[in-house]
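Reading through the C-alpha cells given below for one structure.
So that the names make sense, note that chain A is the first sequence line, chain B the second, and so on, each numbered from 1.
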2 protein chains.
Amino acid sequence: MALSKIDWTEAALVALARDGLAGIAVEPLARRLGTTKGSFYWHFAHRAELIAATLELWEQRDTTEVINRIQALCDPREELAALGAGAYAGAARGNAHAAVVAAASDPRARTVLERVTRTRLAFLERLYTELCVAAGQAGLQARLAYALYLGIGELRRADPDGARTGHELDDFLTSAVELMMPPGFAPA
Amino acid sequence: MALSKIDWTEAALVALARDGLAGIAVEPLARRLGTTKGSFYWHFAHRAELIAATLELWEQRDTTEVINRIQALCDPREELAALGAGAYAGAARGNAHAAVVAAASDPRARTVLERVTRTRLAFLERLYTELCVAAGQAGLQARLAYALYLGIGELRRADPDGARTGHELDDFLTSAVELMMPPGFAPA
DNA sequence: ACCTGAACACCGTTCAAGT
DNA sequence: ACCTGAACACCGTTCAAGT
C-alpha cells in the first residue's frame with residue numbers, strides 16, 4: 001500500500017543512527033520498505049532531499065521535543081538533573097547525534113548541528129540564569145555542562161561496559177550532575 | 001612510481017577524518033593517488049583490510065603517540081593541563097575520532113574504539129593516582145575528566161564559532177582544567 | 001496520484017595480461 | 001614485484017509506461 005514521505009523519513013532516521021549519513025541509501029531503504037527505488041523518486045527529487053528531511057526530523061525529536069519535555073518539569077534543578085540522567089540513557093537510545101557530528105564536514109549536517117547546539121546552549125544558559133548564576137557566568141556554565149553532557153554520551157558509546165557495577169554508574173552520574181549544578185546548589 | 005601500503009593507509013586516514021568510514025573508498029583514493037584500483041588490490045586483499053590498517057594507524061597516532069608525548073612532561077599536573085588544552089586544539093586537527101565513534105556499530109571500529117577508550121582511561125586513572133587521589137576515587141575521577149575531554153572536542157566540532165572572543169575561550173578552558181584537577185590542586 | 005521496470009553512470013572486486 | 005584495463009555486481013538517478 002502507498003507510502004508517504006514520512007514513512008521514508010522515519011526509516012532514514014533509523015538508518016542514520018545505525019550507519020551514518022551513508023546509511024541513508026535509497027535502494028536498501030526501498031528493500032526494507034518492500035518497494036522499489038522508483039517509488040522513492042516519486043516522493044523525493046533526490047537523495048539529498050531525504051537527507052534534509054531526516055536531519056529536520058532528528059532536530060525535532062532530539063532537541064525541540066526533548067527541551068519541551070524537560071521544561072515541563074518547571075524546576076530548574078530538576079531539569080538539570082533530568083538532563084544529566086538523560087545524557088547516559090539517551091546515548092543508548094540512538095547514535096544519530098554521533099552520526100551528525102561525524103558528518104559535520106557536510107554543510108547540510110553542519111547547519112543543523114550548529115542550530116541544535118546553539119538551541120541547547122541557550123536553553124542551558126537560561127536554566128543557569130534561573131538558578132541565579134551571574135549573567136556573565138551563565139554562558140560559561142552552560143558550555144561546561146553541555147560539554148560534559150556530550151562527553152558522557154560519547155563515553156558510553158565508546159565503552160558501553162566501562163562501568164562494571166551499577167554502583168559505579170550511579171557514582172558517575174551523581175558526580176556529573178553535581179558538576180553541572182552551580183556552586184552552592186545541591187542536586188534536586 | 002610504486003606506492004606502498006603506508007601510502008594508501010595515510011590517504012585513507014585523511015579520508016576517514018573527512019568523510020567517515022564510507023570515505024575509505026578505493027576508487028576515489030586511487031584517483032587522489034594518481035593510480036588505478038588494480039594497484040590497490042595488489043597491496044590489499046579487500047577494502048576491509050585497508051579499513052583495519054587505517055584504524056590501527058589512527059590508534060597509533062591519536063592514542064599511543066599522544067600518551068607518550070604527554071608522559072614526557074613528567075609532572076601529573078602539567079600532564080592534565082596539557083590534556084585539557086589538547087581537547088580543544090585536537091578537535092581542530094581532525095575528526096577521525098568522531099568518525100570512529102559514529103562507526104561504532106561496525107564491529108571493527110568498536111573493537112579499536114573500546115581499546116583506545118580503556119587505554120586513555122587507564123592513563124588518566126594512573127595520573128590521578130599520582131596526584132594522590134584515593135585509589136577508590138581515581139577511576140571515577142578519570143571517567144569524569146575523560147567525558148569532559150571528549151565533550152569539549154565534540155562541542156568544538158559542533159559549533160566552531162561558539163566562543164565569540166578569545167577571552168571566552170580562555171575562561172572555558174581554564175574552568176575545564178580546573179574541573180579536571182582533583183579537589184585542592186591548583187592547575188599547573 | 002503513486003508505483004514498476006528498464007536503462008545508465010559510479011564504485012567494489014576480480015583477474016588476465018603487461019612491465 | 002607492481003600495475004593496467006576490462007569485466008561484472010551494486011546503488012543513485014531518470015523516465016516511459018502502468019494502475
key: Distance test, side-chain N/O of A:Ser39 to OP1/OP2 of C:dC2, below 4.0 Å   = no
inquiry  = Taking transitive links into account, so neighbours of neighbours count too, which hydrophobic residues share a cluster with B:Leu29 at under 4.5 Å side-chain distance?
reply    = B:Leu3, B:Trp8, B:Leu13, B:Leu16, B:Leu21, B:Ile24, B:Val26, B:Leu33, B:Phe40, B:Tyr41, B:Phe44, B:Leu50, B:Ile51, B:Leu55, B:Leu57, B:Trp58, B:Val100, B:Val101, B:Val112, B:Leu113, B:Val116
query = To the nearest angstrom, how far is B:Asp7 atom CG from D:dC2 atom C1'?
reply = 13 Å
ask   = Considering only side-chain heavy atoms of B:Trp42, which listed nucleotide, D:dC3, C:dA1, C:dT4, is closest?
value = D:dC3
request  = Between C:dC3, D:dC11, D:dT4, spot the one nearest the side chain of A:Pro28, thanks.
outcome  = D:dC11
query = Of all the nucleotides listed (C:dG12, D:dC11, D:dC2), which has the minimum atom distance to the side chain of A:Glu27?
reply = D:dC11
task = Give the nucleotide from the list C:dT13, D:dT13, C:dC3 with an atom nearest to the side chain of A:Val26.
result = D:dT13
note = In B:Leu169, B:Leu155, B:Asp171, the residue satisfying side chain to side chain contact (heavy atoms under 4.5 Å, CB included) with A:Arg143 is B:Leu155
ask   = Can you tell me how far P of D:dA1 sits from CG of B:Leu3, to the nearest Å?
value = 17 Å
For nucleotides 14-16 of chain D, which of its nitrogen or oxygen atoms have a protein nitrogen or oxygen under 3.5 Å away, and what is each distance?
none

key: Partner nucleotide of D:dA7 by Watson-Crick or wobble geometry (both distances under 3.5 Å)   = C:dT13
ask   = Considering only heavy atoms, which members of residues 47-56 of chain B lie under 4.0 Å from some atom of DNA chain D?
value = none
